[in-house]
Amino acid sequence: MFRPQATGTEHVPRRGGAILASNHLAASDWIFMPLVLRRRVTFLAKAEYFTAPGVKGFLQRIFFGGSGQVPIDRTSADAAENALTTGVRILGEGKLLGIYPEGTRSPDGRLFRGKTGVARMTLETGCPVIPVAMVPGRSFTLLGRKLTRVDVVVGEPLDFSRYEGMSGDRFVERSITDEIMYEIMLLSGQEYVDLYGAKVKKSMDTTGASAVEVVGRLQPPPHEAADRLPSSLAG
(Lines give C-alpha, C1' and ligand atoms only; values in the text may rest on other atoms or scores of the structure.)
Protein backbone atom coordinates (compact mmCIF):
# COMPACT_ATOMS: atom_id res chain seq x y z
CA MET A 1 0.00 0.00 0.00
CA PHE A 2 2.77 2.47 0.90
CA ARG A 3 5.21 1.17 -1.73
CA PRO A 4 8.36 2.65 -0.18
CA GLN A 5 10.97 3.77 -2.68
CA ALA A 6 14.60 2.98 -1.85
CA THR A 7 17.92 4.27 -3.13
CA GLY A 8 21.44 3.27 -2.17
CA THR A 9 20.56 -0.23 -0.93
CA GLU A 10 23.71 -1.50 -2.67
CA HIS A 11 25.67 0.09 0.19
CA VAL A 12 24.38 -2.56 2.61
CA PRO A 13 26.91 -5.44 2.74
CA ARG A 14 25.67 -8.85 1.62
CA ARG A 15 27.18 -10.50 4.67
CA GLY A 16 28.79 -9.59 7.97
CA GLY A 17 27.81 -7.25 10.77
CA ALA A 18 26.92 -3.62 10.12
CA ILE A 19 25.03 -0.86 11.91
CA LEU A 20 22.15 0.84 10.12
CA ALA A 21 21.84 4.24 11.81
CA SER A 22 18.65 6.07 10.86
CA ASN A 23 16.64 9.14 11.69
CA HIS A 24 13.34 8.42 13.42
CA LEU A 25 10.18 10.23 12.31
CA ALA A 26 7.41 7.68 12.90
CA ALA A 27 6.65 4.46 14.76
CA SER A 28 6.51 2.64 11.42
CA ASP A 29 10.12 3.45 10.50
CA TRP A 30 11.38 0.07 11.68
CA ILE A 31 8.98 -1.62 9.25
CA PHE A 32 9.80 0.39 6.13
CA MET A 33 13.59 0.11 6.37
CA PRO A 34 13.75 -3.73 6.46
CA LEU A 35 11.13 -4.00 3.73
CA VAL A 36 13.49 -2.51 1.15
CA LEU A 37 16.49 -4.67 2.11
CA ARG A 38 17.23 -8.29 1.27
CA ARG A 39 18.88 -9.02 4.62
CA ARG A 40 17.08 -9.25 7.93
CA VAL A 41 17.51 -6.26 10.25
CA THR A 42 17.50 -6.73 14.02
CA PHE A 43 16.29 -3.92 16.29
CA LEU A 44 16.41 -3.54 20.06
CA ALA A 45 12.82 -3.29 21.33
CA LYS A 46 11.45 -2.50 24.78
CA ALA A 47 10.76 -5.63 26.82
CA GLU A 48 7.11 -4.67 27.36
CA TYR A 49 6.39 -5.83 23.81
CA PHE A 50 7.29 -9.37 24.89
CA THR A 51 5.67 -9.52 28.34
CA ALA A 52 2.13 -8.19 27.85
CA PRO A 53 -0.57 -10.62 29.04
CA GLY A 54 -3.54 -12.11 27.18
CA VAL A 55 -4.18 -12.73 23.52
CA LYS A 56 -2.84 -9.31 22.52
CA GLY A 57 0.39 -9.98 24.40
CA PHE A 58 0.75 -13.38 22.73
CA LEU A 59 0.28 -11.87 19.27
CA GLN A 60 2.80 -9.12 20.08
CA ARG A 61 5.41 -11.68 21.13
CA ILE A 62 4.90 -13.63 17.92
CA PHE A 63 5.04 -10.51 15.75
CA PHE A 64 8.04 -8.79 17.33
CA GLY A 65 9.99 -12.00 17.82
CA GLY A 66 9.32 -13.16 14.27
CA SER A 67 10.30 -9.80 12.78
CA GLY A 68 13.73 -9.82 14.38
CA GLN A 69 13.24 -7.69 17.50
CA VAL A 70 15.35 -8.36 20.60
CA PRO A 71 13.83 -7.41 23.98
CA ILE A 72 15.64 -4.86 26.16
CA ASP A 73 14.67 -4.02 29.74
CA ARG A 74 14.69 -0.21 29.84
CA THR A 75 13.59 0.08 33.47
CA SER A 76 16.84 -0.97 35.17
CA ALA A 77 19.70 1.34 36.06
CA ASP A 78 21.94 -0.64 33.72
CA ALA A 79 19.50 -0.50 30.79
CA ALA A 80 21.81 1.51 28.52
CA GLU A 81 24.78 -0.77 29.21
CA ASN A 82 22.64 -3.87 28.64
CA ALA A 83 21.46 -2.49 25.31
CA LEU A 84 25.07 -1.83 24.23
CA THR A 85 26.11 -5.33 25.26
CA THR A 86 23.23 -6.86 23.32
CA GLY A 87 23.99 -4.73 20.27
CA VAL A 88 27.65 -5.77 20.31
CA ARG A 89 26.60 -9.42 20.54
CA ILE A 90 24.23 -9.10 17.57
CA LEU A 91 26.94 -7.47 15.47
CA GLY A 92 29.41 -10.15 16.55
CA GLU A 93 27.03 -12.73 15.11
CA GLY A 94 27.39 -11.05 11.72
CA LYS A 95 23.90 -9.53 11.69
CA LEU A 96 22.55 -6.14 10.65
CA LEU A 97 21.62 -3.99 13.65
CA GLY A 98 19.11 -1.20 13.18
CA ILE A 99 19.48 1.74 15.55
CA TYR A 100 18.08 5.24 16.00
CA PRO A 101 20.91 7.38 17.45
CA GLU A 102 18.44 10.08 18.52
CA GLY A 103 17.03 7.58 21.00
CA THR A 104 13.42 8.63 20.39
CA ARG A 105 11.13 9.79 17.63
CA SER A 106 11.66 13.38 16.53
CA PRO A 107 9.34 15.75 18.43
CA ASP A 108 8.75 17.96 15.38
CA GLY A 109 10.33 16.42 12.28
CA ARG A 110 13.78 17.93 12.77
CA LEU A 111 16.95 15.90 13.39
CA PHE A 112 18.07 15.94 17.02
CA ARG A 113 21.39 15.23 18.70
CA GLY A 114 22.57 11.61 18.59
CA LYS A 115 23.49 9.52 21.61
CA THR A 116 26.95 7.97 21.65
CA GLY A 117 25.90 4.32 21.97
CA VAL A 118 26.24 3.87 18.22
CA ALA A 119 29.85 5.07 18.43
CA ARG A 120 30.64 2.67 21.25
CA MET A 121 29.30 -0.27 19.26
CA THR A 122 31.23 0.50 16.08
CA LEU A 123 34.44 0.97 18.09
CA GLU A 124 34.02 -2.29 19.99
CA THR A 125 33.11 -4.39 16.95
CA GLY A 126 34.86 -2.69 14.05
CA CYS A 127 31.61 -2.89 12.09
CA PRO A 128 30.84 -0.10 9.62
CA VAL A 129 28.02 2.37 10.20
CA ILE A 130 25.62 2.86 7.32
CA PRO A 131 23.61 6.11 7.55
CA VAL A 132 19.96 5.80 6.57
CA ALA A 133 17.29 8.47 6.10
CA MET A 134 13.54 8.00 6.19
CA VAL A 135 12.22 10.75 3.93
CA PRO A 136 8.48 11.62 3.72
CA GLY A 137 7.23 11.24 0.16
CA ARG A 138 3.94 11.86 -1.58
CA SER A 139 0.70 11.87 0.38
CA PHE A 140 -2.34 9.79 -0.53
CA THR A 141 -5.81 9.21 0.88
CA LEU A 142 -7.11 5.84 2.04
CA LEU A 143 -10.60 5.40 3.47
CA GLY A 144 -10.77 9.12 4.11
CA ARG A 145 -7.48 9.22 5.98
CA LYS A 146 -4.43 11.08 4.70
CA LEU A 147 -1.27 8.97 4.69
CA THR A 148 2.28 9.71 3.59
CA ARG A 149 4.54 7.48 1.57
CA VAL A 150 8.07 6.93 2.83
CA ASP A 151 11.27 6.92 0.80
CA VAL A 152 14.35 5.18 2.22
CA VAL A 153 17.77 6.62 1.36
CA VAL A 154 20.85 4.57 2.24
CA GLY A 155 24.23 6.28 2.34
CA GLU A 156 27.74 4.96 1.89
CA PRO A 157 29.29 3.01 4.81
CA LEU A 158 31.26 5.07 7.33
CA ASP A 159 34.56 3.55 8.44
CA PHE A 160 35.86 4.55 11.87
CA SER A 161 38.87 2.22 11.98
CA ARG A 162 41.09 5.29 12.50
CA TYR A 163 39.75 5.36 16.07
CA GLU A 164 40.54 1.70 16.79
CA GLY A 165 41.21 1.02 20.47
CA MET A 166 39.65 4.29 21.62
CA SER A 167 36.33 2.93 22.88
CA GLY A 168 35.37 4.68 26.11
CA ASP A 169 36.93 7.99 25.14
CA ARG A 170 33.90 10.27 25.38
CA PHE A 171 35.40 12.90 23.09
CA VAL A 172 36.07 10.35 20.35
CA GLU A 173 32.62 8.81 20.77
CA ARG A 174 30.96 12.23 20.54
CA SER A 175 33.00 13.06 17.43
CA ILE A 176 31.97 9.79 15.74
CA THR A 177 28.32 10.27 16.68
CA ASP A 178 28.28 13.82 15.32
CA GLU A 179 29.78 12.62 12.04
CA ILE A 180 27.06 9.98 11.73
CA MET A 181 24.35 12.55 12.45
CA TYR A 182 25.85 14.90 9.86
CA GLU A 183 25.61 12.20 7.18
CA ILE A 184 22.00 11.43 8.17
CA MET A 185 21.24 15.15 7.98
CA LEU A 186 22.63 15.33 4.43
CA LEU A 187 20.58 12.31 3.34
CA SER A 188 17.33 13.42 4.97
CA GLY A 189 17.51 17.16 4.35
CA GLN A 190 16.35 17.78 7.92
CA GLU A 191 17.24 20.78 10.01
CA TYR A 192 19.65 19.83 12.80
CA VAL A 193 18.93 20.68 16.44
CA ASP A 194 21.78 20.45 18.96
CA LEU A 195 19.55 19.08 21.72
CA TYR A 196 18.52 15.58 22.77
CA GLY A 197 15.01 14.79 21.54
CA ALA A 198 14.14 13.06 24.82
CA LYS A 199 15.00 16.22 26.77
CA VAL A 200 12.77 18.28 24.50
CA LYS A 201 9.89 15.82 24.89
CA LYS A 202 10.25 15.81 28.67
CA SER A 203 10.07 19.59 28.76
CA MET A 204 7.04 19.52 26.45
CA ASP A 205 5.26 17.12 28.83
CA THR A 206 6.17 19.21 31.87
CA THR A 207 5.34 22.66 30.52
CA GLY A 208 2.75 21.94 27.84
CA ALA A 209 4.80 23.99 25.38
CA SER A 210 5.31 23.04 21.75
CA ALA A 211 8.56 21.58 20.45
CA VAL A 212 9.37 24.85 18.70
CA GLU A 213 8.91 26.80 21.96
CA VAL A 214 11.00 24.35 23.98
CA VAL A 215 13.81 24.27 21.42
CA GLY A 216 13.81 28.07 21.27
CA ARG A 217 14.23 28.21 25.04
CA LEU A 218 16.84 25.44 25.41
CA GLN A 219 18.94 25.85 22.29
CA PRO A 220 22.17 27.87 22.63
CA PRO A 221 22.42 31.31 20.97
CA PRO A 222 23.05 31.21 17.19
CA HIS A 223 26.70 32.26 17.50
CA GLU A 224 27.33 29.36 19.90
CA ALA A 225 25.22 26.80 18.05
CA ALA A 226 27.17 27.40 14.84
CA ASP A 227 30.29 26.12 16.54
CA ARG A 228 28.52 22.95 17.67
CA LEU A 229 26.99 21.71 14.43
CA PRO A 230 28.15 18.19 13.55
CA SER A 231 31.06 18.04 11.15
CA SER A 232 31.65 15.59 8.31
CA LEU A 233 35.35 15.69 9.15
CA ALA A 234 35.14 14.66 12.77
CA GLY A 235 38.67 13.21 12.77
Side-chain angles (χ1 to χ4, degrees), residues 1-52 56-74 79-105 114-115 117-137 149-160 177 180-181 183-184 187-188:
M1 181 175 63
F2 282 87
R3 297 180 182 178
Q5 300 295 310
T7 57
T9 55
E10 68 276 6
H11 296 312
V12 179
R14 298 190 177 213
R15 61 184 64 86
I19 302 170
L20 299 175
S22 173
N23 61 340
H24 197 11
L25 297 174
S28 58
D29 288 343
W30 71 270
I31 297 177
F32 288 119
M33 184 210 292
L35 279 177
V36 302
L37 301 176
R38 292 184 178 274
R39 292 184 61 187
R40 182 172 180 168
V41 181
T42 299
F43 290 88
L44 304 181
K46 59 184 181 180
E48 290 87 338
Y49 287 145
F50 297 81
T51 58
K56 181 180 179 181
F58 172 76
L59 294 176
Q60 277 190 175
R61 288 193 294 276
I62 295 296
F63 177 76
F64 285 104
S67 59
Q69 314 309 300
V70 175
I72 290 294
D73 181 6
R74 304 194 303 180
E81 194 63 35
N82 292 338
L84 287 173
T85 301
T86 303
V88 168
R89 175 179 60 79
I90 291 170
L91 292 168
E93 295 171 353
K95 298 178 181 179
L96 293 179
L97 176 68
I99 188 171
Y100 301 109
E102 292 170 275
T104 186
R105 290 196 297 273
K115 297 188 175 182
V118 61
R120 177 77 63 85
M121 285 189 282
T122 188
L123 288 174
E124 292 192 5
T125 63
C127 291
V129 178
I130 302 170
V132 180
M134 313 299 293
V135 181
R149 298 190 191 280
V150 177
D151 296 330
V152 183
V153 183
V154 183
E156 296 184 9
L158 303 175
D159 178 14
F160 297 104
T177 304
I180 293 169
M181 300 310 294
E183 296 300 326
I184 295 175
L187 294 174
S188 69

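At a threshold of 4.5 Å between non-hydrogen side-chain atoms, the residues Tyr100 and Ile184 do not count as touching. Looking at Met181 and Glu102, their side chains come closer than 4.5 Å, going by heavy atoms from C-beta outward. Counting heavy atoms from C-beta on, the side chains of Gln5 and Val152 never come closer than 4.5 Å. Within the 4.5 Å cutoff, the side chain of Ile90 has heavy atoms near those of the Leu44 side chain. At least one side-chain heavy atom of Leu84 sits under 4.5 Å from a side-chain heavy atom of Met121. Proximity of Leu20 to Leu37: side-chain heavy atoms (C-beta onward) are separated by under 4.5 Å at one or more points.
Among pairs with a residue in residues 85-98, those fulfilling side chain to side chain donor-acceptor pair (under 3.5 Å) read Arg89-Glu93, Glu93-Lys95, at least two apart in sequence or across chains. Pairs engaging residues 149-160 under the side chain to side chain donor-acceptor pair (under 3.5 Å) rule: Asp159-Ser161 [sequence neighbours left out].
Note: Leu91 CG to Cys127 SG = 4.5 Å, rounded to the nearest 0.5 Å. Atom CZ of Phe43 and atom OG of Ser22 lie 7.5 Å apart (nearest 0.5 Å). Interatomic distance, CD1 of Ile130 versus CD1 of Ile19, reported as 9.5 Å (0.5 Å rounding). Leu158 CG to His11 NE2: the interatomic distance, rounded to the nearest 0.5 Å, is 10.5 Å. Separation of atoms OG1 (Thr177) and NZ (Lys115) is listed at 11.5 Å; rounding is to 0.5 Å.
When all heavy atoms are compared, the tightest approach of Met134 to Leu25 is O-CD1, 3.4 Å. Shown here for Leu187 and Val154, the closest heavy-atom pair between the two residues is CD1-C, 4.4 Å. Contact detail for Val118 and Ala21: the closest heavy-atom pair is CG2-CB, 4.5 Å. In terms of heavy atoms, Pro34 sits closest to Val41 at CG-CB, 4.2 Å. Taking all atoms of both residues into account, the shortest heavy-atom contact from Ala6 to Val36 is CB-CB, 3.6 Å. Here the closest heavy-atom approach between residue Gly94 and residue Arg39 is recorded as O-NH2, 2.9 Å.
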